[in-house]
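In the text below, chain A, chain B and the rest are named by the order of the sequence lines, each starting its count at 1.
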Amino acid sequence: MPLPSIPPHPWDVSPEAAMAIQHQWRERVIREDYLGEIRTVAGVDVGFEDGGRVARAAVVVLDFSALEPRQKVLARKVVTFPYIPGLLSFREMPVILESLAQLSEWPDVLLVDGQGIAHPRRLGIASHLGVWCDIPTVGVAKSRLVGQHAPVEDRPGAWQPLYDQGEVVGAALRTRSGVKPVYVSIGHRVSLETALDLVMRCARGFRLPEPLRLAHQFASQFEKVQK
DNA sequence: GCGACAG
DNA sequence: ATCTTGTCGC
């Protein structure tokens, strides 16, 4: 299966322009299930080197049923945009797109380290990446950007809706007992219900779902070899 | 003005 | 995210 074409990216914009772009793209996000059978799931994680001047993106594609790695790719790129809460995609998407371009096969769904629509303008990096590449994505963040939620039971699979401005924008999900919950939200073309189910099916006794855990691991192990 | 604030 | 070793706890 050929890779979808990826549009050229105007990432070198001002924070003001970036916000305007988010307002423009938010309506393209599809919040319902619009995906086929899931055979492969991928996780993408971004790390930094050289004091934050260089970004490193790692993508690991795994077999959904066995959760075994099928392909791992890596990309590095000089950072051009600062870290500003709410504008993460403008900092990390360039290097992520370069890593995705190396894949020989597109995954059926992509788990992204960050928020989906659980974002002030409903276009977190998972959603931005999803609509940009037109692929199903799910946002899985280790901490909260916006919204509030009731305490989550300390039991794997337990979750509570995340509310922001009167609407459910995601969920705080306990992937395993004894650890802080992760924040799951719709990225693109995947409903929240499916997203939660997907993340739990990828849970392997760790806080982070296997695709993201392995992507993070792959990136850091490379960090050492490189150093 | 003060506090919050994905990675 | 990153700078950083050992250490407390299940």
*asked:* Applying a 4.0 Å non-hydrogen cut-off, can you work out what Gly47(A) is touching in the nucleic acid: base, sugar-phosphate, or nothing?
replied: sugar-phosphate

_For a quick test of reading the model: is some side-chain N or O of Ser143(A) closer than 4.0 Å to OP1 or OP2 of dC5(B)?_
no

*Give a yes or no on whether the backbone of Val79(A) and the side-chain of Arg91(A) come within a donor-acceptor separation of less than 3.5 Å.*
no

*Give a yes/no on whether any side-chain N or O of Lys142(A) is located under 4.0 angstrom from OP1 or OP2 of dA6(B).*
no

*Which atom pair, heavy atoms only, marks the closest approach of Asp154(A) to Ser177(A)?*
OD1-CA, 3.2 Å

*asked:* Distance check needed: dG7(B) P versus Leu212(A) CG, whole Å only.
replied: 11 Å

*NA contact type, Gly86(A), heavy-atom cut-off 4.0 Å: base, sugar-phosphate, or nothing?*
base

*Does a nitrogen or oxygen in the side chain of Tyr83(A) sit under 4.0 Å from OP1 or OP2 of dA6(B)?*
yes

*Report whether Val109(A) and Ile30(A) are members of the same hydrophobic cluster (ILVMFWY, side-chain heavy atoms less than 4.5 Å apart, transitive linking).*
no

*How long is the line joining CG of Leu208(A) and C1' of dG7(B), in whole Å?*
13 Å

*Would you indicate which nucleotide in dA6(B), dT2(C), dG7(B) comes nearest to any side-chain atom of Pro85(A)?*
dA6(B)

*What is the distance, rounded to the nearest whole Å, between atom CE of Met93(A) and atom P of dA1(C)?*
20 Å

*Give a yes or no answer on whether the side chain of Gln22(A) reaches the backbone of Gly124(A) with a donor-acceptor pair at less than 3.5 Å.*
no

*Return the nearest nucleotide to the side chain of Arg144(A); candidates are dC5(B), dA1(C), dA6(B).*
dC5(B)

*Answer with base, sugar-phosphate or nothing: what part of the nucleic acid does Ile96(A) contact at a heavy-atom distance below 4.0 Å?*
nothing

*Using modelled atom types only, decide if a donor and an acceptor are shared between the side chain of Thr194(A) and the backbone of Val190(A) within a distance under 3.5 Å.*
no

_Spacing of Asp164(A) atom CG relative to dC5(B) atom P, expressed in whole Å_ = 12 Å

_Distance check needed: dA1(C) C1' versus Arg91(A) CZ, whole Å only._
7 Å

*asked:* What is the separation between atom CG on Leu145(A) and atom P on dG7(B), rounded to the nearest whole Å?
replied: 9 Å

*Using a cut-off of 4.0 Å on non-hydrogen atoms, how would the nucleic acid contact of Asp45(A) be classed: base, sugar-phosphate, or nothing?*
nothing

*Can you tell me how far C1' of dA4(B) sits from CD of Gln115(A), to the nearest Å?*
14 Å

*When you measure from the side chain of His216(A), which nucleotide among dC5(B), dA1(C), dG7(B) comes out closest?*
dA1(C)

_Glu92(A) CD - dA6(B) P separation (whole Å)_ = 12 Å

